[in-house]
Amino acid sequence: MIRFRHVDMAYPRGELALVDVSFEVAKGEFVFLTGHSGAGKSSILRLLWAGERPSRGEVRVAGFAVNDLRNRDVPRLRRRLGIVFQDFRLLEDRTAEENVALALEATGMRPDLIPARVLKVLSQVGLSTKGRSYPRELSGGEQQRVAIARALANDPPLLLADEPTGNLDEKATRAVFQLLRDINAAGTSVVMASHDAALVREANYRTLELKQGRLVADSGRDAVEALA
Amino acid sequence: MIRFRHVDMAYPRGELALVDVSFEVAKGEFVFLTGHSGAGKSSILRLLWAGERPSRGEVRVAGFAVNDLRNRDVPRLRRRLGIVFQDFRLLEDRTAEENVALALEATGMRPDLIPARVLKVLSQVGLSTKGRSYPRELSGGEQQRVAIARALANDPPLLLADEPTGNLDEKATRAVFQLLRDINAAGTSVVMASHDAALVREANYRTLELKQGRLVADSGRDAVEALA
Amino acid sequence: MRPVIRECVLGFTRAPLLSTLSVTAIAFSLFTLGLFGLVAVNLQQALAALEDRVEVVAYLLRGTPIEAAMLAAEDARTFPEVAQVTYVSADSALARAQAELAEFREAYRDLRTNPLPASLEVALRPGQRDPETVAAVAERLRGIGVVEDVRFGEEWVAGLARLRRIAGLVGGVIGLAFAGVALVIIATTIRMALLQRSREIAILRLVGATDGFIRAPYLLEGALKGFLGGTLALLLTWAAFALVRGGSDALVAPMFLPPAFVAAGVAGGTLLGLLASLLSVGRHLRPRGVR
Amino acid sequence: MRPVIRECVLGFTRAPLLSTLSVTAIAFSLFTLGLFGLVAVNLQQALAALEDRVEVVAYLLRGTPIEAAMLAAEDARTFPEVAQVTYVSADSALARAQAELAEFREAYRDLRTNPLPASLEVALRPGQRDPETVAAVAERLRGIGVVEDVRFGEEWVAGLARLRRIAGLVGGVIGLAFAGVALVIIATTIRMALLQRSREIAILRLVGATDGFIRAPYLLEGALKGFLGGTLALLLTWAAFALVRGGSDALVAPMFLPPAFVAAGVAGGTLLGLLASLLSVGRHLRPRGVR
Ligand SMILES: Nc1ncnc2c1ncn2[C@@H]1O[C@H](COP(=O)(O)OP(=O)(O)OP(=O)(O)O)[C@@H](O)[C@H]1O
Ligand SMILES: Nc1ncnc2c1ncn2[C@@H]1O[C@H](COP(=O)(O)OP(=O)(O)OP(=O)(O)O)[C@@H](O)[C@H]1O
Ligand SMILES: [Mg+2]
Ligand SMILES: [Mg+2]
């Protein structure tokens, strides 16, 4: 599903944000990305959704080679992804429902199927009563959950979630995490950046740890090596 | 420093977000606000910085009566506050340094004192090397720390922090929390909304817990009552 | 595609102020063009009316018999530049002079002989009234036997040609300036409306929308704004015209813009809105900081 | 206050496109006004030149001795409306007619007696050339003993007055329309630039900035843009003027706008920019969703 090979990445203004990162994620896997603030978690996700290109090395996602992805193929890649952005990126002048619905329209879903699907995902994140609210009328955690609902809506083969519980209380965190687990169980691969150490520890999924742009630990590889 | 008396609050479009909330915070206190997502934590802070007015009851902050605060007095109140917003609210076309400096200019600090002060607070939050970066060039946690630095910069008598560690890893969270503690020790009152249960538990400060807009627990009052 | 129309309508209703201002700006700039067109059309007409008067008069030798005069007239009619030839006898010339020149009326009454000669009045075809052609025709008329002298108001013809040249030049410069104004305004308003929504566009791209999906409502909106602006401009121009027409007692009956011009104006507005959207959206679809 | 200037400069450099567009829009709309002013000034001048020719001619009785004619002229000179009175003897009238009316030259040559009367040409003061005054003067001239008849081209005077009325009306309507266009454009661009920055304004308020602190750079920026736009408009108007002047062979020498008009234009642009900013910022300082 994902392959990083010796990937370096530099932002136009700034030093290397990622240095020689290599890892693979298989179809159906659930992987945590951890690391200190500024370690490069979001940068890895950004490469996955082709928001940036690697400066060196190879990035493949869902059958697309990000290195030389043509601009017109970017939408095709993104339609296969569900993305929860760290800063939500909701459309400010659309209600929660409209935010989710528009994403579905953009990916070409049949219009008559959309309303039901929107209701479903919003109630999955516990926001069935807030569908008509605009983002500015929602609490921080509620906005975050709208962002999660939007990412889940088109049932993507790969879900990228950047700190999806940063604004949620313990209970909501657990509920959202359970939701991601269920989705993963149904076959979706999940890559989730998180600094919630307790959550990561408890979940006991494969964890990639970054430190200043370098991959310093991969519990999956450790496990594989331990098995060998 | 703060007095809430039987406060109700309703948003223009929406039901009551706060119901009959009463509490006081003394000068120099450190108080946690907790509660589920959408409980009303940010709403309480919003009343404190006069972003909304109560629908009923009385709100007093730092000597100002928010109920009938005139528009021209709002800046005077806000200059006595340091505010960390849940969504950061950084100026997108200013660097980290400029964001902090502009807030100091706005509060009328002598121009020659500003650069030194900006450097000081940025290094306090561990961002001395990122001063020239624009918000979009910073990671989520780094943006959050710029927001914290801005709130601390003018040495306010009262600091309002809304989920200030939501995007920080464990180590950075501890560092920021220690910073807030030091500031509190130096005499600043602090009200901090947080859903980080572990942090709240460990810190063992007075905690106000909200549930659907109602104040359901106040460990300070409990303590007072327990003492009595 | 239902969503495209809905998005386009939303674009209007979500930012009513901005939309109204865009339409107004487009309307006023096209209105400017319309006013200019109105002035140009009527000036053109006034000049044409003046040019109708360009005429060459061939005075005949005193005592030329009417048959010889008629032959000369026949001769002049064969010139390709000539539209019409009228014979004016000495008597009717005197009658006309007495009628037109009031202060001489009394004086002429005393005359025993008619001092005025007969003449041929030669009207030229439209488009053949420039100084060179008129002079050439005059020269050829002089060659006819019974013609004694030919006059055609050289100064009048040359002055008219100069006026026409100046009017054309001034018109061209001002018209171009106004067209430029209209373009700048339309581009500005649409560009600003788009800057306004660059965040929205960026987010749509993030969730996998194709360029076409993003672009369509903006293009429709641009075209619609252009069309509304054009129609409004037409109404304003008509109102201005009606106002002026009401006020004048019609020395020359004022003329409204020809239908082709009107249609071109509205269609041009629509196209302009569409093009401006296309250009602006095109650039905005690829912002520097995509992320 | 250093920061104000810095912020104002930043406003320009941070959004160079938007700033350039604002200045351009202001410039073009004031340019429109400038062009209109140019046309108005020159039309005015052309009309004034025509009006100079309004003249009342009093024909004297045949055989009036020169002394009596001079007394009559003296008399006419005392009228308050009269600027100048010229005596034209019968001989000089004939000489003039022969020179001016070429086709009658030969005819006159044959005359034994001069059929033309002597006359007094009465020029009126500026501002006293409307049909009523001219008619009144003519009536009083008729009362003078040696005057036989008075002519003043009633139709010409009335036509000129009507032309003037129409020109004034058309000018007023078009000028108003153009001023409206300019206002709409300036308000639009500034409003859009502000919408653009409403987030910035909201954040500044959150950190305790006073309205004055927030407003000052915008006002300075608005005034500066207005000033730059006004200056640019002046340059454009001058360029257009120079172009037209170069092309015309100066029937009536074209005139540029008077300095007072120019100064008022630039000052007006500055003021307009300032006012538009003031109004727009005023509204934006109190957005609905403060929070
Ligand atoms: N557009 C950019 N230009 C320059 N530098 C950038 C840009 N975006 C991020 N960086 C830098 O790259 C590094 C990695 O950023 P990234 O967003 O990947 O961190 P992160 O692991 O997601 O951190 P956090 O947990 O705080 O969100 C940071 O030091 C950041 O300052
Ligand atoms: N502008 C608004 N208009 C209408 N309802 C609003 C508005 N802002 C907030 N609300 C509602 O008020 C309630 C309380 O919101 P508040 O932001 O105070 O929650 P919170 O405790 O800060 O939650 P979180 O931890 O998710 O940030 C929520 O149900 C929210 O949907
Ligand atoms: Mg991040
Ligand atoms: Mg909140």
Side-chain angles (χ1 to χ4, degrees), chain A residues 11-15 17 34-43 45-46 85-88 90 95 125-127 129-130 132-145 162-163 165-176 193-201 209-211 213, chain B residues 11-15 17 34-43 45-46 85-88 90 95 125-127 129-130 132-145 162-163 165-176 193-201 209-211 213:
Chain A
Y11 288 104
R13 261 172 48 105
E15 312 99 77
T34 64
H36 62 88
S37 170
K41 304 181 290 295
S42 300
S43 301
L45 296 178
R46 223 166 264 146
F85 299 95
Q86 195 169 3
D87 52 359
F88 316 157
L90 299 176
T95 63
V125 296
L127 285 183
T129 62
K130 295 281 181 183
R132 298 280 155 81
S133 298
Y134 290 94
R136 64 168 177 284
E137 298 168 353
L138 293 171
S139 80
E142 288 162 352
Q143 290 179 35
Q144 189 154 45
R145 283 178 282 161
D162 199 349
E163 221 77 90
T165 60
N167 283 274
L168 298 180
D169 59 290
E170 222 161 328
K171 211 176 119 216
T173 298
R174 258 155 238 293
V176 162
S194 178
H195 56 66
D196 187 336
L199 184 74
V200 173
R201 233 175 288 122
E209 191 184 340
L210 290 166
K211 200 166 184 174
Chain B
Y11 287 103
R13 261 170 50 103
E15 310 98 79
T34 64
H36 62 87
S37 170
K41 303 181 291 295
S42 300
S43 302
L45 296 178
R46 224 167 263 146
F85 298 95
Q86 195 169 3
D87 52 359
F88 317 157
L90 299 175
T95 63
V125 296
L127 285 183
T129 62
K130 296 280 181 183
R132 297 279 156 81
S133 298
Y134 290 93
R136 67 171 174 281
E137 298 168 350
L138 293 172
S139 80
E142 287 162 352
Q143 290 178 34
Q144 187 154 47
R145 284 178 280 161
D162 199 348
E163 220 77 270
T165 60
N167 282 275
L168 298 181
D169 58 289
E170 221 161 330
K171 211 175 121 218
T173 297
R174 257 155 238 296
V176 162
S194 178
H195 55 65
D196 188 336
L199 185 74
V200 173
R201 232 176 288 123
E209 191 185 339
L210 291 166
K211 200 167 186 174

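These figures come from a predicted structure and were not determined experimentally. In what follows, chains are A, B, ... by sequence order, proteins preceding strands, each numbered from 1.
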Max heavy-atom pairs within cutoff under 4.5 Å with chain A, candidates B:Glu142, B:Arg132, B:Arg13, goes to B:Arg13
Per-residue contact mode, A:Asp87 against chain B (heavy atom under 4.5 angstrom):
neither
Verify the distance criterion only: is there a donor paired with an acceptor across the side chains of A:Ser42 and A:Gln86 at less than 3.5 Å?
yes
Would you indicate whether the side-chain heavy atoms of A:His195 and A:Thr34 approach each other to under 4.5 Å?
no
Can you name the closest pair of heavy atoms from A:Tyr11 and A:Ala17 and give their distance?
CE1-CB, 3.5 Å
List the steps, then state whether side chain to side chain donor-acceptor pair (under 3.5 Å) holds for B:Asp169 with A:Ser37.
CA-CA 6 Å; B:Asp169 58 289; A:Ser37 170; 4.7 Å; no
Side chain, backbone, both or neither of A:Thr173 within contact of chain B (heavy atoms, under 4.5 Å):
neither
Where the side chain of B:Glu137 meets the backbone of B:Tyr134, is there a donor-acceptor pair that is under 3.5 Å apart?
yes
Out of A:Glu163, A:His36, A:Lys130, which one racks up the most heavy-atom pairs below 4.5 Å with chain B?
A:His36
Measure distances from B:Thr165 to the heavy atoms of chain A and classify the residue's part below 4.5 Å as side chain, backbone, both or neither.
backbone
For chain A, the option from B:Arg145, B:Gln144, B:Lys171 that forms the most heavy-atom pairs under 4.5 Å:
B:Arg145
